[in-house]
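Down below is the structure, laid out as structure tokens.
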Amino acid sequence: MKRTLIKEILLSGQPGTEVNIKGWVRTKRGSKSVNFIAMNDGTCLGNLQVVADVASFEEETLRDTTTGAALSVTGKLVASQGSGQSVELQAENIEVLGKADPEKYPIQPKKHTLEFLRENAHLRMRTNTFSAVFRIRHAMIFAVHKFFSEKNFYNIHTPIITSSDAEGAGEMFRVTTLPFNDTPRTEEGDVDFTQDFFCKSTNLTVSGQLEGELAAMALGQIYTFGPTFRAENSNTSRHLAEFWMIEPEVAFADLNDNMDLAEEFLRYLIQYALDNCKEDVEFLAKRQEEEEKNKPKEERNMNLIEKLKLVADNDFVRLTYTEAIEILRNSKPNKKGKFKYPIEGFGTDLQSEHERYLVEKKFQKPVILTDYPANIKAFYMRVNEDGKTVAAMDILFPQIGEIVGGSQREERLDVLEAKMDEMKIPKDEMSWYLDTRRFGGAPHSGFGLGFERLITFVTGMGNIRDVIPFPRAPKTCEF
RNA sequence: UCCCUAGUAGCUCAGUUGGUUAGAGCGGCGGACUGUUAAUCCGUAGGUCGUAGGUUCAAGUCCUACCUGGGGAGCCA
């Protein structure tokens with residue numbers, strides 16, 4: 001008999017229908033004559049209640065239907081006598097596909113801490129919280145492609161192994177097949193990479209942007225959506241060593257076009273989650289509300305759904321770095337000496353506390369900061385007419401900080417080359433990149449969106465390691 | 001990497017100014033119960049107190065180092 005998804009049964013199952021379901025036991029309750037088995041198959045948050053009359057089954061079968069066991073159940077849908085559900089499955093046949101030793105199975109029918117579940121990441125998707133998170137994650141992946149495809153952007157797969165070490169976005173993981181002991185050396189004693197697999201030094205990519213620019217200068221509008229690797233020793237709830245990044249790149253677009261695109265994109269994604277993941281978002285909102293009760297009042301966050309609507313329904317605030325510095329300089333916490341890093345004026349990089357003040361206190365919605373000082377930003381960002389700022393933009397979100405970083409790219413060959421010299425970036429190794437400026441160069445812009453940071457925001461999860469199935473971080477590479 | 005903080009049963013925690021045999025709830029197991037909703041009730045088994053040193057007559061408790069988790073910072077997406 002063909003398997004029916006529990007999602008479909010809960011949505012439109014009719015009493016009297018004969019069905020087969022396959023899934024995992026969440027809990028089992030029972031008395032002498034009847035057992036109630038809550039079954040979940042991952043297709044939705046809800047469980048289907050299976051009713052098993054004790055007399056009609058082998059003792060062993062019911063003994064083995066413990067929390068976590070995989071079952072195939074055939075029977076008839078009936079109107080439920082209980083109040084928790086409208087239909088339930090009156091079991092006629094139960095097959096235990098896979099047992100789960102109750103003394104060893106770690107996921108108990110009770111509340112677990114996220115830390116404990118993180119250590120059991122291979123099983124945590126069997127909980128309501130994580131199944132909801134990963135269903136939302138899927139929906140967001142789909143929405144990313146839908147948004148860009150409808151706007152005539154092409155998805156480009158940029159390389160994961162790269163020989164470019166000038167992406168300038170942080171420490172890289174080396175890729176090599178050379179032996180660790182007895183490493184081939186040059187006469188000068190350096191590692192001889194000409195004997196390595198690619199005949200040169202290679203790493204895992206930290207960004208697909210530079211290759212994305214090449215594609216944009218041919219296909220016009222492109223986006224990448226791929227894995228990215230940073231070997232930074234970052235131990236925070238906002239960083240991963242392996243994460244997924246979306247990087248659109250648009251020819252003939254300036255910084256304003258870039259901001260418009262980024263804002264429309266983010267609001268689209270959040271609205272998509274509200275429209276298409278209602279049940280899961282509502283569950284996570286309720287869950288978060290429970291957590292907030294344990295916090296002191298001043299640290300409590302806004303309700304998840306209200307927060308998402310706020311972002312989806314309102315324009316982002318846009319202001320320049322210079323304006324932001326002025327606001328911060330005149331802010332109460334600065335005057336009262338509450339900032340750990342006092343605002344000294346133009347040229348200082350903004351710290352988390354400053355970003356939080358702007359987003360969470362001053363404006364209470366997302367903020368786009370533009371036109372940063374050139375010396376604190378990357379070489380490829382376009383120099384403004386003032387000569388000291390660049391056409392960069394960062395989008396700051398409440399609670400998670402920087403979610404998007406982007407810029408108009410420097411398309412003027414001479415300016416770009418001078419900048420690379422200044423920042424000691426090897427031009428000869430980057431001639432493929434400079435070719436886009438040599439041959440048919442044009443103004444263009446793009447940005448990077450950290451996918452997991454978006455998911456953190458949409459799900460309300462506090463730790464980025466809880467929105468990627470198998471997190472990689474310093475000292476953490478399980479499974 | 002830096003600062004703060006925690007580590008006691010499978011899980012979540014309590015354990016007083018250092019003092020006899022380390023406790024609870026949940027989960028597990030056994031039993032009771034004609035329909036439960038993380039069922040309820042009765043009973044029961046689980047511990048090298050993160051690791052290694054040290055102080056002391058005596059350490060779960062105090063000190064040092066290390067390991068691991070959490071919060072914050074830096075770096076960034």
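Below, read A as the first sequence line, B as the second, and so on, with proteins coming before strands; counting in each chain starts at 1. All values below were derived from every heavy atom in this structure, side-chain atoms included, with hydrogens, water molecules and symmetry-related copies excluded.
OP1 or OP2 of B/A39 sits under 4.0 Å from a side-chain N or O of A/T27. Side-chain N/O atoms of A/N120 include none lying less than 4.0 angstrom from OP1 or OP2 on B/G10. Proximity of A/R26 to the phosphate of B/U37: no side-chain N or O atom is located under 4.0 Å from OP1 or OP2. In terms of phosphate contacts, A/K32 brings a side-chain nitrogen or oxygen within less than 4.0 Å of OP1 or OP2 of B/C33. Neither OP1 nor OP2 of B/U34 sits under 4.0 Å from any side-chain N or O of A/S31. Phosphate contact (OP1/OP2 of B/A39, side-chain N/O of A/R29, threshold under 4.0 Å): present. Regarding contacts with the backbone of B/U68, a side-chain N or O of A/K475 is found under 4.0 angstrom from either OP1 or OP2. Not one side-chain nitrogen or oxygen of A/S234 sits closer than 4.0 Å to the OP1 or OP2 atom of B/C76.
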* Check step by step if salt bridge (charged side-chain N to carboxylate O under 4.0 Å, His left out) holds for A/K278 and A/E282. => CA-CA 6 Å; A/K278 202 162 183 287; A/E282 276 170 2; 3.0 Å; yes
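In this model, no donor atom of one side chain and acceptor atom of the other lie less than 3.5 Å apart for A/Q351 and A/R356.
Across all strands, A/S237 comes closer than 4.0 Å only to sugar-phosphate atoms, never to a base (heavy-atom distances). Across all strands shown, A/Q49 has heavy atoms under 4.0 Å from base atoms, whether or not it also approaches the sugar-phosphate. Within the nucleic acid shown, A/P106 has no heavy atom closer than 4.0 Å to any nucleic acid atom. Across all strands, A/S83 comes closer than 4.0 Å to base atoms (heavy-atom distances). Residue-level contact check: A/Q85 touches the bases, meaning some heavy atom is under 4.0 Å from a base atom. When heavy atoms are screened at a 4.0 angstrom cut-off, A/E247 is found touching no nucleic acid atom at all. Nucleic acid contact class of A/R238 (heavy atoms, under 4.0 Å, all strands): base. Residue-level contact check: A/N235 touches the bases, meaning some heavy atom is under 4.0 Å from a base atom. No engagement by A/G401 is indicated, since no non-hydrogen atom pair under 4.0 Å with the nucleic acid exists. Across all strands shown, A/F243 has heavy atoms under 4.0 Å from base atoms, whether or not it also approaches the sugar-phosphate. As judged by a 4.0 angstrom heavy-atom cut-off over every strand, A/Y341 is placed among residues touching the sugar-phosphate backbone only. Residue-level contact check: A/L240 touches the bases, meaning some heavy atom is under 4.0 Å from a base atom. Residue contacts for A/S33: at a heavy-atom cut-off of 4.0 Å it reaches the sugar-phosphate backbone alone, with no base atom in range. Nucleic acid contact class of A/H112 (heavy atoms, under 4.0 Å, all strands): sugar-phosphate only.
B/G18: no Watson-Crick or G-U partner with both key distances under 3.5 Å is found in any strand.
If you take CG of A/N463 and P of B/G72, they are 9 Å apart, rounded to a whole angstrom. Atom CG in A/L350 sits roughly 12 Å away from atom P in B/C76 (whole-Å rounding). For the pair A/F397 CZ and B/A77 P, the interatomic distance rounds to 16 Å; values are reported in whole Å. A/D53 places its CG atom 12 Å from the P atom of B/G35, with the value rounded to the nearest Å. Here B/A77 presents its C1' atom at 15 Å from CZ of A/F457, a figure rounded to the nearest Å. As rounded to whole Å, 17 Å separates atom P of B/C75 from atom CD1 of A/I464. Between the P atom of B/C11 and the CZ atom of A/R124 lies a distance of 17 Å, rounded to the nearest Å.
Between the side chain of A/Q81 and the base of B/G35, a donor-acceptor pair under 3.5 Å is found. Residue side chain A/R230 reaches the base of B/A77 through a donor-acceptor N/O pair under 3.5 Å, judged by distance alone.
With A/Y372 as the aromatic partner, A/K377 meets the cation-pi criteria of under 6.0 angstrom to the ring centre and within 45 degrees of the ring axis. The side-chain tip of A/K151 does not point at the ring of A/F265 from less than 6.0 angstrom away and within 45° of straight on. Judged by the 6.0 Å distance and 45° axis criteria, A/K388 is positioned over the aromatic ring of A/F346.
For the P atoms, the distance from B/G50 to B/A9 is 8 Å, rounded to whole Å. B/U20 and B/C26 have their C1' atoms separated by 30 Å, given to the nearest Å. The separation of B/A65 from B/A22, taken at their P atoms, amounts to 31 Å, rounded to a whole angstrom.
Of the candidates A/R287, A/R118, A/R238, A/D466 forms a salt bridge (Lys or Arg N to Asp or Glu O under 4.0 Å) with just one, namely A/R118.
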